[in-house]
Colleague: 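Here's a structure for you.
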2 protein chains.
Amino acid sequence: MSVRNALLGLLAQRPRHGYELHAAFEAVVGGEENWDVKPSQIYTTLARLQESGLVEEESVGQGGGPEKRIYAITRAGRHALVEWFSSGVAREHQRDEFFIKLILSLATGEANPRKVIQTQRAKLYQDLHDMTAQRNHFDPKTELAQIFLFDKAIMHLEADLRWLDMIESRIDEVKRQPLPEPEVKPRGRPKKEVRS
Amino acid sequence: MSVRNALLGLLAQRPRHGYELHAAFEAVVGGEENWDVKPSQIYTTLARLQESGLVEEESVGQGGGPEKRIYAITRAGRHALVEWFSSGVAREHQRDEFFIKLILSLATGEANPRKVIQTQRAKLYQDLHDMTAQRNHFDPKTELAQIFLFDKAIMHLEADLRWLDMIESRIDEVKRQPLPEPEVKPRGRPKKEVRS
DNA sequence: AAAGAATACTACCCGTTAATAGTTTTGTCA
DNA sequence: TGACAAAACTATTAACGGGTAGTATTCTTT
C-alpha cells in the first residue's frame with residue numbers, strides 16, 4: 001500500500017517515467033540503506049495504478065536510449081492521495097510471529113519455550129546493535145530523517161526486549177494454564193436466544 | 001510466514017484436516033479477537049505447503065458431511081519446523097508507512113506535515129484506548145497469553161507516541177534540510193578505482 | 001422449512017522478486 | 001584510432017506467497 005501511495009505522491013509533483021520514479025523513491029526514502037525497492041516493483045505498481053485509473057500514461061518521451069513512458073496522476077489519483085494523507089496509518093496486524101511461535105512451543109511441546117525466548121532475545125540484541133551502528137553512520141546535519149527512522153526501529157526493539165523480560169518472568173504462570181481448546185458449537189438451528 | 005509455520009506446528013502434533021486446523025489455530029492464537037484467519041487462508045496455505053512437500057495428504061475421512069482431506073506433516077516438514085523454532089524472528093522491514101507519508105508530505109508539499117502528525121497521533125491514541133479496553137476483557141487467570149499479546153501491542157503504541165512527540169518537536173530541523181535529490185551517477189565505464 | 005455448523009474450493013488482489021533485454025555513454029587499452 | 005568493457009538508462013515478463021471474498025455442499029437440529 002505504501003509504495004503505491006508514494007508513487008502517487010511523486011507523480012503529484014509532476015509527471016514522470018518509471019525509472020525516474022524509482023530514483024526519486026530511493027532518494028526520498030532509501031538512502032542506499034533500508035528500503036530497497038526493485039525497479040520491477042515500480043513498474044508493476046504503476047501498471048496496477050493505471051488499471052485503477054489513478055494514473056495515466058501521458059506520452060512517450062524519447063531522449064537517447066529506450067523510450068520512456070511518462071505517467072501522470074489523474075483526478076481520481078489526486079483524490080486517493082488526499083485521502084491517504086488525511087487518514088491515519090493502520091497499525092500492523094496483531095499477527096505477531098514471535099508470539100505464535102512461543103504459544104505453539106508451549107502448546108505442542110515441539111520446542112523448549114525458554115530456548116525460544118532466549119533465541120529471540122539474542123536476535124533482538126543483535127538487531128539493536130546493528131541498528132544503532134547504522135544509525136550512527138548518518139549525519140544529523142543533513143540526514144535527520146533517516147536517523148529518525150532508525151530511532152523508531154530502536155525504540156521498538158527496546159520495547160520488545162522489555163516485553164520479553166516480562167514474559168519470561170511469568171512463563172510458568174502461562175504454562176500452568178489450560179491449553180485453549182477449540183470451542184465446540186452446537187449444530188442445528190440455534191435455540192431461541194435468551195439475551196443476557 | 002507465520003500461518004504457514006503454525007500449521008506445521010499443529011500438524012506435528014497429529015494429522016488433521018483443514019477445518020480442524022482452522023479451529024485449532026483460532027483457539028490457540030485468536031480468542032475470537034485479534035488474529036482473524038479466514039478459512040480460505042488455511043486451505044490455500046495448506047495447498048502451498050503440500051506443493052513444497054512439507055505436508056502431504058494422508059487420507060480422506062468421512063464423518064458426516066463433506067469429505068475431510070486429512071493432512072500430515074512430512075519429514076521435510078518437521079525439519080522446517082525445527083528450523084523455525086530454533087531461529088529468531090526477523091524484525092519487520094523498515095518499510096514504515098507513516099514515515100514515508102511524512103517524508104512525502106515534506107518533500108512534495110501536497111499535505112501539511114503537522115497535520116499528518118496530528119492525525120497519526122489521534123489514531124495512535126485511539127488504538128491505545130481500544131487495545132487497553134480489549135486487554136481488560138481477558139481473564140489473567142486463564143487467558144494470560146492473550147493479555148501478553150495485548151501488552152506487546154500497547155508497548156509498541158506507547159513507543160510510537162513517544163517517537164511522534166520527538167519527531168514533532170524537531171520537525172523544523174528536518175524541514176530545513178535539503179530535499180534529498182536522486183544522486184546522479186556517472187555513465188560509462190568507471191575510472192580505474194584508486195582505492196582509498 | 002429455517003438456520004447454521006462442518007467442510008471445502010476458486011478466483012482474485014497486492015506486494016514483491018527474479019530474470020532478461022536493448023540502448024547509450026564513457027573509460028581503457030592495444 | 002578503434003575495439004571493447006562496464007555501467008547507467010529504460011523497461012518488460014513471469015512468477016510466488018500472503019491474504020480476502022465469495023460460493024457450494026451436506027448434515028443436524030429446532
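Quick note: numbers below take in every heavy atom, side chains included, and nothing from hydrogens, waters or symmetry partners.
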Colleague: Regarding V37(A), tell me which of base, sugar-phosphate or nothing describes its non-hydrogen contacts under 4.0 Å with the strands shown.
Modeller: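 No contact.
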
Colleague: Rounding to a whole Å, what distance do you find between R48(B):CZ and dC9(C):P?
Modeller: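 Distance check: R48(B) CZ to dC9(C) P gives 14 Å.
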
Colleague: Hey, does H22(B) reach any base, or is it just sugar-phosphate, or nothing, if we go heavy atoms under 4.0 Å?
Modeller: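 Since no nucleic acid heavy atom lies under 4.0 Å of H22(B), the category is nothing.
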
Colleague: Would you mind reading off the distance between L49(A) atom CG and dC13(C) atom C1', rounded to a whole angstrom?
Modeller: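 Nearest whole value for this atom pair: 13 Å.
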
Colleague: Would you say a side-chain N or O of Q41(B) is under 4.0 Å from OP1 or OP2 of dG18(D)?
Modeller: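 The answer is no; no side-chain N or O of Q41(B) sits under 4.0 Å from OP1 or OP2.
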
Colleague: Within the 4.5 Å heavy-atom criterion, are L164(B) and F98(B) side-chain neighbours or not?
Modeller: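 A side-chain contact under 4.5 Å exists here.
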
Colleague: On DNA chain C, nearest-nucleotide positions of I42(A) versus R4(A): which is more 5'?
Modeller: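 The residue mapped nearer the 5' terminus is R4(A).
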
Colleague: Do any side-chain nitrogens or oxygens of Y43(A) fall under 4.0 Å of OP1 or OP2 in dA11(D)?
Modeller: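 Answer is yes, contact under 4.0 Å.
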
Colleague: Using a cut-off of less than 4.0 Å, is there contact between a side-chain N or O of R69(B) and OP1 or OP2 of dC9(C)?
Modeller: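 Checking dC9(C) against R69(B), a side-chain N or O does come within under 4.0 Å of OP1 or OP2.
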
Colleague: Report the nucleotide, chosen from dG18(D), dT16(C), dT12(D), that has the shortest atom-to-atom distance to any side-chain atom of T44(A).
Modeller: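 Selected nucleotide: dT16(C).
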
Colleague: Indicate yes or no: does K123(A) engage D127(A) in a salt bridge with an N to O separation below 4.0 Å.
Modeller: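 So K123(A) pairs with D127(A) through a salt bridge.
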
Colleague: Within the structure, does a side-chain N or O atom of K68(A) lie under 4.0 Å from either OP1 or OP2 of dT10(D)?
Modeller: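 For dT10(D), OP1/OP2 do have a side-chain N/O of K68(A) under 4.0 Å.
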
Colleague: How close or far is atom C1' of dG18(D) from atom CZ of F25(B), stated in whole angstroms?
Modeller: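 Those two atoms, CZ and C1', are 12 Å apart.
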
Colleague: Indicate yes or no: does D172(A) engage R114(A) in a salt bridge with an N to O separation below 4.0 Å.
Modeller: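 So D172(A) pairs with R114(A) through a salt bridge.
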
Colleague: Over how many whole Å does the gap from L21(A) atom CG to dA11(D) atom C1' extend?
Modeller: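 Result: 13 Å.
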
